[in-house]
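Notes to accompany the following structure.
Numbering of ligands and ligand atoms starts at 1, following listing order.
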Amino acid sequence: MTTGWCEAPKSESTLQVLHWWTSDSERKAATLLAGRLADEGVYWQDVAIPGGAGLGAGKVLKSRILSGNAPAVTQAIGISIRDWDDLGFLLELDKVANDNKWNTSFFPTVLALIQPRKHVVAAPLGIHRINTLFYNRKILTALKLSPPENWDDMVVVAAKLKTAGIVPLAQSNESWQVTALFENLILAESGPAYHRELFVKQSVQAVLDHRLIEALERLRIMKSWMNAPVEEKTWPNVVRQFANREAAMMIMGDWAKGELNGMGYPTDDEFSCAAMPGTGKYHLYSVDTLSMFATNFQRGPAQEKLARLVATPSLQTDYNAIKGSVSVRRDADPARMDSCARASWSKFAEGVSVQAPSLVHRMATDESTRDAIIVVIHHFFIDDTVTAAETQKKLAAIFHTFNINNRQ
Ligand code: BGC
């Protein structure tokens with residue numbers, strides 16, 4: 001019997017969660033998690049900050065922490081976890097991790113991210129593949145084209161699409177989306193070792209390598225495969241452009257698959273996915289994680305409930321199927337995944353030698369270095385008068401400065 005009266009949830013069982021999941025499929029995935037959490041008597045108070053790749057959320061989080069108003073939970077990912085941990089803000093989740101055997105359940109790369117120093121300070125949700133090529137099967141088949149596997153294939157496919165009056169590539173000129181394409185080109189050209197030299201080690205020598213120039217030149221060639229002018233669009237709008245057959249291909253993280261499925265386009269019907277041409281052997285990854293702030297110990301039990309829940313096999317399966325990502329668990333069942341997810345999970349499972357940590361998604365370096373690189377690449381992309389050599393010099397200067405800072 002309902003009384004029409006609802007008891008307000010206690011503050012220690014309400015968790016404010018700051019994140020950047022604002023598209024339809026992202027919201028659906030977050031709602032699933034919030035619902036499962038509610039079943040355990042913990043209430044999710046949503047703080048969603050728009051902006052793909054968390055460009056806005058990172059700034060809001062920083063200012064909230066500085067003003068002493070940290071949320072209970074945040075989507076902090078990659079190197080940001082280490083940076084907030086170094087300042088002593090994060091709740092240690094060692095007990096949850098030990099009780100639930102996280103040590104043997106997760107991939108080693110995931111473990112390293114959630115335990116940057118001594119303690120486990122984040123709970124992992126899923127792994128995204130950033131080097132994903134989406135292609136419209138009907139358009140390619142009608143023109144008797146196969147999905148491109150390397151750069152030369154890409155050049156041929158793009159030319160044929162253009163001749164047929166079809167835009168080859170859906171793309172936005174938002175700075176993070178452009179830089180994501182660039183880091184895909186770096187990986188395609190030179191593999192994970194060079195990608196790490198550049199974005200993890202920030203080696204000045206790597207920046208001065210001719211491979212950087214080649215990747216920049218290819219980025220400019222790719223620009224001619226996009227709508228002219230390339231507009232500034234949010235990523236869900238780029239997905240819509242692709243879904244509406246206004247472009248034949250799209251290179252984007254596999255959250256785009258979640259969005260396409262949610263829009264009524266099942267995988268391997270109208271569209272399929274493959275690896276970004278030239279990167280079939282690699283996995284450019286971003287791991288989504290939630291960290292908890294240790295500012296109110298009364299909330300600790302609720303925070304631990306959330307941490308435990310996100311890593312359970314059933315939540316992993318259901319959440320990742322909506323989100324487009326794949327399970328962080330080594331015991332996940334690939335037979336229950338669609339073809340995109342199966343390829344991503346199996347590739348990631350091959351281990352660190354095939355994995356490349358995404359620059360744009362904070363897996364490779366701290367937020368300031370990443371932001372500085374993004375500005376330079378974006379400038380090169382939007383202004384055709386800027387040369388690859390000038391861009392190389394600017395990047396070398398950034399790396400030089402950050403290297404000096406890191407040594408101090
Ligand atoms: C996050 C994803 C999110 C994507 C688009 C990435 O940094 O890991 O969860 O869907 O950005 O905003």
Review point. How would you list all residue pairs meeting ring-ring contact (aromatic ring centres under 6.0 Å, His included) that involve residues 347-377, not counting sequence neighbours?
Key: F107-F348, W176-H361, W255-H361, H283-F348, Y285-F348
Review point. W21 and L33: side-chain contact (heavy atoms from CB on, under 4.5 Å), yes or no, with the steps?
Key: CA-CA 12 Å; W21 296 312; L33 179 53; 5.5 Å; no
Check your understanding: Quick one: side chain to side chain contact (heavy atoms under 4.5 Å, CB included) partners of S146, sequence neighbours excluded?
Key -> none
Quick check on ligand 1: any N or O pairs to the protein under 3.5 Å? One line per pair.
| residue | atom | partner | partner atom | Å |
| --- | --- | --- | --- | --- |
| ligand 1 | 7 (O) | H361 | ND1 | 2.7 |
| ligand 1 | 8 (O) | D288 | OD1 | 2.8 |
| ligand 1 | 8 (O) | D288 | OD2 | 3.2 |
| ligand 1 | 9 (O) | W21 | NE1 | 3.0 |
| ligand 1 | 9 (O) | D288 | OD1 | 3.4 |
| ligand 1 | 9 (O) | D288 | OD2 | 2.5 |
| ligand 1 | 9 (O) | K323 | NZ | 2.8 |
| ligand 1 | 10 (O) | E26 | OE2 | 2.5 |
| ligand 1 | 10 (O) | K323 | NZ | 2.8 |
| ligand 1 | 11 (O) | W20 | NE1 | 3.2 |
| ligand 1 | 12 (O) | A53 | N | 3.0 |
| ligand 1 | 12 (O) | W235 | NE1 | 3.4 |

Review point. Does a salt bridge link K118 with D94, judged by any charged N lying under 4.0 Å from a carboxylate O?
Key: no
Exercise for review: Answer yes if the side chains of N320 and S327 hold a donor-acceptor pair under 3.5 Å, and no otherwise.
Suggested key: no
Review point. Which pairs count as side chain to side chain donor-acceptor pair (under 3.5 Å) when at least one residue sits in residues 97-107, sequence neighbours excluded?
Key: K95-D99
